[in-house]
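Values below: all heavy atoms of this structure, side chains included; hydrogens, waters and symmetry mates excluded.
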Amino acid sequence: MLKRWIAVSAAAMLLVSGCSKEKAEEPEKQDTEKTEEATKGVSSEKELPFHYPLTGFGSEAEVDGRAVAVMINNHPKARPQSGLNQADIVYELLAEGDVTRFLAIFQSEQPEMIGPVRSSRDYYIELAKGYDSLYIAHGYSPEAKELLDQGYIDNLNGMQYDGTLFKRESFRQAPHNSYISFESVLKGAEERNYAMEDEPESLAFLSKEDAKAIQGEDAASAMISYLDNELFNVIYEYDEGLEKYKRYSNGELTADYKSGEPVLLDNIFIAEADHKVVDSAGRRDINLTSGGKGYLLQKGKVTEVEWENIDGRILPVMNGKQAGLVPGKTWINIVPSSPGLEQTVSFEIKQ
């Protein structure tokens, strides 16, 4: 059963989450011009001959290019981040304590700047490998370092390239100030002789007709509470005009640091997985192979699904078959199975 609460607006919903009145009013004040800019050229009635593998968007030219997966900081002092609005897929998982961290996967777009870049964990490496990505991080846990030292995945790490490929920006303080440009990613790949030509295997996408026919319970807004830390509360709000979800962290619209363009999402997949703290630093082991329960949000609707690890990718499954994604961008939240989806995720009921 879906957990729901009554609210009359985005501001009221944010108040329920424990944010201040000032924070709650922020989403109402966002510049709509940035949203319009972010959606320019996204939709087209013309059927194009080629498609990007991780968004399903059409292309006039043949599509190639390896996926690049970057560890991105989500500490409040690292917000707003750079490049997230151009990621095809973003995974959001707990790192240490009650702090979440992002793995942003880029293939259809190449941001000028990405960051702040943070350190690696072994389960993020596994997720990056599922897309045969070039993996970018700055630092590592002992378990992650072991995998990287073994050559388990092609990677560039700020521990070896701090001050060269990775730059420290003056507008943030360490450890929230490490950034990398896509130009430097490609330069580093060339230096290491990493192949960057082949695109990843495509995800399964719905046709326009099937996307318009999506069924489910109403999900105009959804809130995820990571271990009751309001700083990492996530709210997704559906924009009926855009037919996309906007994302908020602790009441603040997730948007690009430089351009102000918001993250706009077509698929939100929330999956529960077993988490276990494994050391005194609070590092975790997260079981990303067992499968389990999930919620899939598309077109303002939510459907209860299962998740499976299919060739290293966490994907939604309905009635034993892989669920199709709406062409566009996807955000995947992995939450602890204890307390689980029903206690962690809430859906708004508007009056």
Sub-3.5 Å donor-acceptor pair from the side chain of Asp239 to the main-chain atoms of Leu242, do we have one? yes
Nearest non-hydrogen partners of Leu231 and Arg79, listed with the distance: O-NH2, 2.8 Å
Answer yes if the side chains of Ser221 and Tyr236 hold a donor-acceptor pair under 3.5 Å, and no otherwise. no
Taking Phe102 as the fixed residue, which of Tyr91, Trp331, Tyr124 is the one that meets the ring pair (Phe, Tyr, Trp, His ring centres under 6.0 Å) rule? Trp331
Can you name the one residue among Arg283, Arg284, Arg121 that meets side chain to side chain donor-acceptor pair (under 3.5 Å) with Glu96? Arg121
Set of side chain to side chain contact (heavy atoms under 4.5 Å, CB included) partners for Leu186, sequence neighbours left out: Gln110, Phe182, Met196
Here the pair of heavy atoms bringing Pro49 nearest to Ser59 is CD-O, 3.5 Å
Inspect the surroundings of CD in Glu183 and state if more than 12 heavy atoms from other residues, nucleotides or ligands are less than 6.0 Å away. no
Report the relative orientation of the aromatic rings in Tyr295 and Phe347; use parallel for angles under 30°, tilted for 30 to 60°, perpendicular for over 60°. perpendicular
When you look at NZ of Lys187, are more than 12 heavy atoms from neighbouring residues, nucleotides or ligands closer to it than 6.0 Å? no
Mark yes when over 12 heavy atoms from residues, nucleotides or ligands other than Asp149 sit less than 6.0 Å from its CG; otherwise mark no. yes
Should the heavy atoms of other residues, nucleotides or ligands under 6.0 Å from NZ of Lys129 be counted, would the total exceed 12? yes
Donor-acceptor pair, distance only, cut-off 3.5 Å: does the side chain of Glu47 make one with the backbone of Gly58? no
So do Leu134 and Leu156 actually touch side chain to side chain, heavy atoms under 4.5 Å? yes
Is it true that atom CD of Glu201 has more than 12 heavy atoms of other residues, nucleotides or ligands lying nearer than 6.0 Å? no
Less than 3.5 Å apart, any donor N or O on the side chain of Tyr226 or Asn333 sitting next to an acceptor on the other? yes
Determine whether the side chains of Tyr179 and Gln81 contain a donor N or O and an acceptor N or O closer than 3.5 Å. no
Value for OG (Ser133) from CG (Leu103), rounded to nearest 0.5 Å, stands at 7.0 Å
Please round to the nearest 0.5 Å and tell me the distance separating atom CG of Asn233 and atom CE of Met223. 6.0 Å
Against the six-membered ring of Tyr140, is Lys145 placed for a cation-pi contact (under 6.0 Å from the centre, within 45° of the normal)? yes
Test item: Thr344 and Pro339 side chains (from C-beta on) under 4.5 Å apart, heavy atoms: yes
How about Gln173: does its CD atom have over 12 heavy atoms from other parts shown lying under 6.0 Å from it? no
Short side-chain to backbone donor-acceptor contact, Lys244 and Lys299, under 3.5 Å: no
Residue pair Gln298, Tyr238: steps toward the side chain to side chain donor-acceptor pair (under 3.5 Å) verdict: CA-CA 9 Å; Gln298 300 170 309; Tyr238 189 65; over 6 Å; no
Would you say Ile214 and Leu264 are hydrophobically clustered, going by side-chain heavy atoms of ILVMFWY under 4.5 Å? no
Do Ile334 and Ile270 touch side chain to side chain, with heavy atoms closer than 4.5 Å? no
Any side-chain donor-acceptor pair under 3.5 Å between Asn73 and Arg101? no
